[in-house]
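The structure appears right after this line, and notes come after that.
First the proteins, then the strands, lettered A, B, ... as listed; each starts at 1.
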Amino acid sequence: MPELPEVETTVRGLTPVLQGERLKSVVTRRGDLRRPFPDDLAQRMTGATITALGRRAKYGLIDTDRGDTMIFHLGMSGRWRVDPTELEKHDHLVIETDSGRRVALSDPRRFGSVDLVPTAELAAFPAFKALGPEPLGPDLTGAYLKQALKGRVASIKQMLLDQRIVAGLGNIYVCEALYAARISPKREASRISLAKLDRLVTEIRAVLESAIAAGGSSLRNFVHPDGNLGYFSKEFLVYGREGEPCGCGGTVKRYVEGGRSTFWCPKCQS
DNA sequence: AACAATACCTGGCAGC
DNA sequence: TGCTGCCAGGTATTGT
């Protein structure tokens with residue numbers, strides 16, 4: 001899934017389909033993903049007009065003229081299908097507009113979520129309360145990271161996956177950003193110099209922006225909402241490349257921590 | 001409090 | 001072809 005760039009491209013893909021449109025129908029085809037759909041989701045969304053779409057961390061936001069925001073998360077395998085010819089088994093939520101467009105939220109593994117909250121209360125949404133800064137916004141700086149990682153003995157890899165430190169990074173882009181910054185994923189977070197953290201911030205932004213520009217990456221499950229496959233995955237330099245040569249002459253290695261694979265080059269990342 | 005490991009659910013793929 | 005085991009981008013919770 002969907003890490004930040006994939007959610008961003010999803011939102012950008014949905015915007016021309018939904019923004020300014022009145023919803024003719026909103027149908028849930030099973031009762032829950034990670035948690036139940038809101039009981040009144042269909043009732044509050046049907047007949048509403050979409051005023052804006054946005055993103056916070058890995059969450060997509062859909063605002064209505066009734067003062068609600070629908071918050072969706074794509075989990076591991078979620079994607080929106082735009083104007084599907086036929087609905088499939090895992091199209092759990094289907095939205096139709098007055099102008100005849102149809103979008104379906106598909107999520108085979110069902111780790112995603114859909115919530116509906118008053119827009120004015122977005123900041124109080126539980127998953128948003130402790131989120132760290134947006135990596136593409138002005139608040140993520142080397143100095144911020146230096147402070148946030150102070151006293152933390154866990155690895156920089158673990159810290160960057162923590163949404164309270166930085167919001168929106170996932171396993172792939174953490175691996176890629178650490179590689180680009182030549183920082184070992186195993187490095188104790190508090191022991192990285194300010195200069196290295198500055199460099200890390202630069203590389204995080206570059207990796208994310210490059211992925212967004214490429215239309216989002218595609219591993220097994222992500223499909224751009226217009227139906228085209230993303231293609232940034234071809235450009236991963238370490239992720240999924242165990243055993244392949246690194247440009248420095250070293251070899252890409254993989255290790256598992258907390259059930260997650262980390263890819264890195266021990267020779268040039270220290 | 002911080003950290004590590006596990007649970008959640010399903011499908012795809014490699015290997016036999 | 002069919003079976004088995006392993007792997008997967010996520011968050012939340014539990015245990016140490």
Whichever of A:Ala154 and A:His90 has its nearest DNA chain B nucleotide further upstream toward 5': A:Ala154
Think A:Arg254 has a side-chain N or O under 4.0 angstrom from the OP1 or OP2 of C:dA8? yes
To the nearest Å, give me how far apart OH (A:Tyr255) and C1' (B:dA4) are. 13 Å
Side-chain atoms of A:Met159 come closest, of C:dG10, B:dC3, C:dA12, to B:dC3
Do the two ring centres, one from A:Phe263 and one from A:Phe236, sit under 6.0 Å apart? no
Between atom CD in A:Gln163 and atom C1' in B:dA2, what is the gap in whole Å? 17 Å
5′-ward residue of the pair A:Gly151/A:Gly258 relative to DNA chain B: A:Gly151
Could you walk me through whether A:Leu136 and A:Ile212 pass the side chain to side chain contact (heavy atoms under 4.5 Å, CB included) check? CA-CA 11 Å; A:Leu136 297 178; A:Ile212 291 169; 3.8 Å; yes
Per the atom types in the model, does the base of C:dA8 pair as donor or acceptor with the side chain of A:Arg109 at under 3.5 Å? yes
With a cut-off of under 6.0 Å to the ring centre and 45° to the axis, is A:Arg55 in cation-pi contact with A:Tyr59? no
When rounded to the nearest Å, what value does the distance between P atoms of C:dC3 and B:dC9 take? 24 Å
Listed nucleotide nearest any side-chain atom of A:Phe111, set C:dA8, B:dC8, B:dC3: B:dC8
Can you check whether A:Arg260 has a side-chain N or O nearer than 4.0 Å to OP1 or OP2 of C:dG10? yes
Quick one: look up who B:dG11 pairs with, Watson-Crick or G-U, both distances under 3.5 Å, and put none if it's unpaired. C:dC7
Rounded to the Å, how far apart are A:Leu33 CG and B:dC8 P? 17 Å
Quick one: is A:Ser261 getting a side-chain N or O under 4.0 Å of the C:dA8 phosphate, OP1 or OP2? yes
Choose from B:dG11, C:dT11, C:dA8 the nucleotide whose nearest atom is closest to any side-chain atom of A:Arg34. C:dT11
Does a side-chain N or O from A:Lys58 land closer than 4.0 Å to OP1 or OP2 of C:dG9, or not? no
Measure from CG on A:Asp32 to C1' on C:dT11 and round the result to the nearest Å. 16 Å
Round to a whole Å and report the spacing from CZ of A:Arg164 to P of B:dA1. 11 Å
Within the 4.0 Å heavy-atom criterion, would you say A:Arg35 contacts the bases, only the backbone, or no part of the nucleic acid? nothing
Side chains of A:Arg34 and A:Ser113 only: does a donor on one sit below 3.5 Å from an acceptor on the other? no
Give the rounded distance in Å between these two atoms: CD of A:Gln158 and C1' of B:dT6. 14 Å
May I have the distance from A:Ile165 (atom CD1) to B:dA1 (atom C1'), rounded to whole angstrom? 13 Å
The side chain of A:Lys89 is closest to which nucleotide in this list: C:dG10, B:dG11, C:dA12? B:dG11
Side-chain N or O of A:Tyr239 closer than 4.0 Å to phosphate OP1/OP2 of C:dG9: yes
Could you please name the option among C:dG10, B:dA2, B:dT10 that lies closest to any side-chain atom of A:Arg110? B:dT10
Work out which heavy atom in A:Cys265 is nearest to a heavy atom in A:Gly250; give both atom names and the distance. SG-CA, 4.2 Å
In terms of side-chain heavy atoms of A:Ile172, which of B:dG11, C:dT11, C:dG9 is nearest? C:dG9
Write down the atom of A:Ala148, the atom of A:Arg152, and the distance for their closest heavy-atom approach. O-CG, 3.9 Å
Within the structure shown, what part of the strands sits under 4.0 Å from A:Ser113 by heavy-atom distance: base, sugar-phosphate, or nothing? nothing
Rounded to whole Å, how long is the line connecting atom CD of A:Glu88 with atom P of B:dT10? 16 Å
